[in-house]
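Remarks on the structure that follows.
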Amino acid sequence: MDETKKHKIIDLPYAYSALEPYIDEETMHFHHDKHHQTYADKFNSALEKHPELLEKQVEDLLKNIEQLPEDIGLAVRNHGGGFYNHNLFWAMMASEGEGGHPEGKLLEAIERDFGNFEKFREEFTSTALNHFGSGWAWLVKGVDGKLKVYSLSNQDTPIGAGDRPLLTLDVWEHAYYLKYKNKRADFIEAWWNIVNWNEVARRFEEN
Ligand code: MN3
């Protein structure tokens with residue numbers, strides 16, 4: 001297959017140790033270099049069966065899973081979703097103090113749709129904590145402009161439903177087990193320190 005057409009995982013926009021002590025360097029290596037890379041490899045292998053689909057953006061494929069050839073629909077949903085979700089996840093984090101704060105129009109929308117920032121944070125935290133099994137918690141902007149929080153299982157993404165991802169948290173055990181063991185709540189609490197609010201605001205304001 002044409003190597004240049006393969007989907008590639010993003011390089012981390014910071015050092016592997018940059019999210020310490022909240023996410024440890026070893027977890028970042030396993031998560032990015034092994035787990036994320038495996039999703040990309042399996043996504044590319046599925047597309048090899050229908051090379052014309054390599055011309056398409058991952059977003060287009062994920063928005064139209066129903067229209068994909070039957071033999072690769074599930075692989076695109078799972079591995080294409082895993083490829084896409086992790087690319088978002090890395091960009092939505094930053095070293096402590098580097099990610100800015102929720103402010104301006106983003107903060108206004110959070111206050112409009114959740115009451116205040118603390119209520120938003122509580123809702124996102126409890127959604128991430130109570131998600132049963134593997135999956136992701138999401139803050140999205142709906143087509144009507146409203147912000148919503150929900151979780152999705154496995155590697156499903158909000159974009160099929162037309163929602164724009166603003167912030168996401170991976171709650172698969174591989175995201176936290178090395179450091180936090182079974183304590184997902186501690187991982188979520190720590191993660192709030194390394195949210196890249198500048199990136200969330202950029203996505204919120206994008207046309
Ligand atoms: Mn993961």
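Predicted, not measured: the structure shown is a model, and the values here were computed from it. FYI, the numbering just counts along the sequence from 1.
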Apply the test side-chain contact (heavy atoms from CB on, under 4.5 Å) to residues Ile110 and Asn116: give CA-CA distance (whole Å), side-chain angles for both, the deciding distance (0.1 Å), then the verdict.
-> CA-CA 7 Å; Ile110 288 174; Asn116 58 48; over 6 Å; no
Decide if the gap between the ring center of Trp172 and the ring center of His131 is smaller than 6.0 angstrom.
-> no
Are Glu205 and Lys105 within salt-bridge range, i.e. N to O under 4.0 Å?
-> no
Value for CD1 (Ile194) from CG (Leu19), rounded to nearest 0.5 Å, stands at 4.5 Å
Drop me the distance from Leu61's CG to Phe83's CZ, to the nearest 0.5 angstrom.
-> 10.5 Å
For Lys146, does the NZ atom sit with more than 12 other heavy atoms under 6.0 Å from it, leaving out its own atoms?
-> no
Asp41-Gln37 side chain donor-acceptor pair, cut-off 3.5 Å = yes
Mutual orientation of the aromatic rings belonging to Phe89 and His31 [parallel < 30°, tilted 30-60°, perpendicular > 60°] = tilted
CA sep, side-chain torsions, deciding dist, call: Asp33, Tyr16, side-chain contact (heavy atoms from CB on, under 4.5 Å) = CA-CA 10 Å; Asp33 306 352; Tyr16 285 90; 2.7 Å; yes
For Asp163, enumerate each residue passing the salt bridge (Lys or Arg N to Asp or Glu O under 4.0 Å) test, keeping only those at least two apart in sequence or located in another chain.
-> Lys148
Do Arg121 and Glu189 sit within salt-bridge range, that is, some charged N less than 4.0 Å from a carboxylate O?
-> yes
Between OH on residue Tyr176 and CD1 on residue Ile23, distance to nearest 0.5 Å = 12.5 Å
Pairwise distance CD(Glu52) to CG(Leu47) - rounded to 0.5 angstrom | 9.5 Å
If you measure from NE2 on His86 to CG on Asp170, what distance do you get to the nearest 0.5 Å?
-> 4.0 Å
Is it the case that Gln155 and Asn85 place a side-chain donor and acceptor less than 3.5 Å from each other?
-> yes
Applying the 4.5 Å side-chain criterion to the ILVMFWY set and letting contacts propagate, would Ile159 and Leu74 be lumped into a single cluster?
-> no
Taking the six-membered ring for Trp and the full ring for Phe, Tyr or His, determine whether the centres of Trp136 and Phe124 are under 6.0 Å apart.
-> no
Crowded around Glu66 CD? As in, over 12 foreign heavy atoms under 6.0 Å?
-> no
So the ring-ring contact (aromatic ring centres under 6.0 Å, His included) pairs with at least one residue in residues 92-116 (sequence neighbours excluded) are Phe114-Phe120
Indicate yes or no for a side-chain donor-acceptor contact from Asp60 to the backbone of Lys56 under 3.5 Å, with no hydrogens or angles considered.
-> no
Sort out for me which residue in Leu68, Val76, Asp71 forms a side-chain contact (heavy atoms from CB on, under 4.5 Å) with His50.
-> Asp71
Between the side chain of Asn193 and the main-chain N/O of Ala190, is any donor-acceptor distance below 3.5 Å?
-> yes
Would one find more than 12 heavy atoms of other residues, nucleotides or ligands at under 6.0 Å from atom NZ of Lys8?
-> yes
Least distance between heavy atoms, Glu25 atom then Ser17 atom | OE1-CB, 3.7 Å
Is it true that a side-chain atom of Arg164 and a backbone atom of Arg203 form a donor plus acceptor pair closer than 3.5 Å?
-> yes
Give me the ring orientation class for His36 and Trp90: parallel if the planes are under 30° apart, tilted from 30 to 60°, perpendicular past 60°.
-> tilted
Kindly compute the distance separating CG (Asn64) from CD (Gln67), expressed to the nearest 0.5 Å.
-> 4.5 Å
Other than Leu178, which residues form its hydrophobic cluster under the rule that side-chain heavy atoms must be closer than 4.5 Å?
-> Phe30
Tyr180 ring center within less than 6.0 Å of Trp191 ring center | no
Should the pair Lys119-Glu123 be classified as a salt bridge under the 4.0 Å nitrogen-to-oxygen rule?
-> no
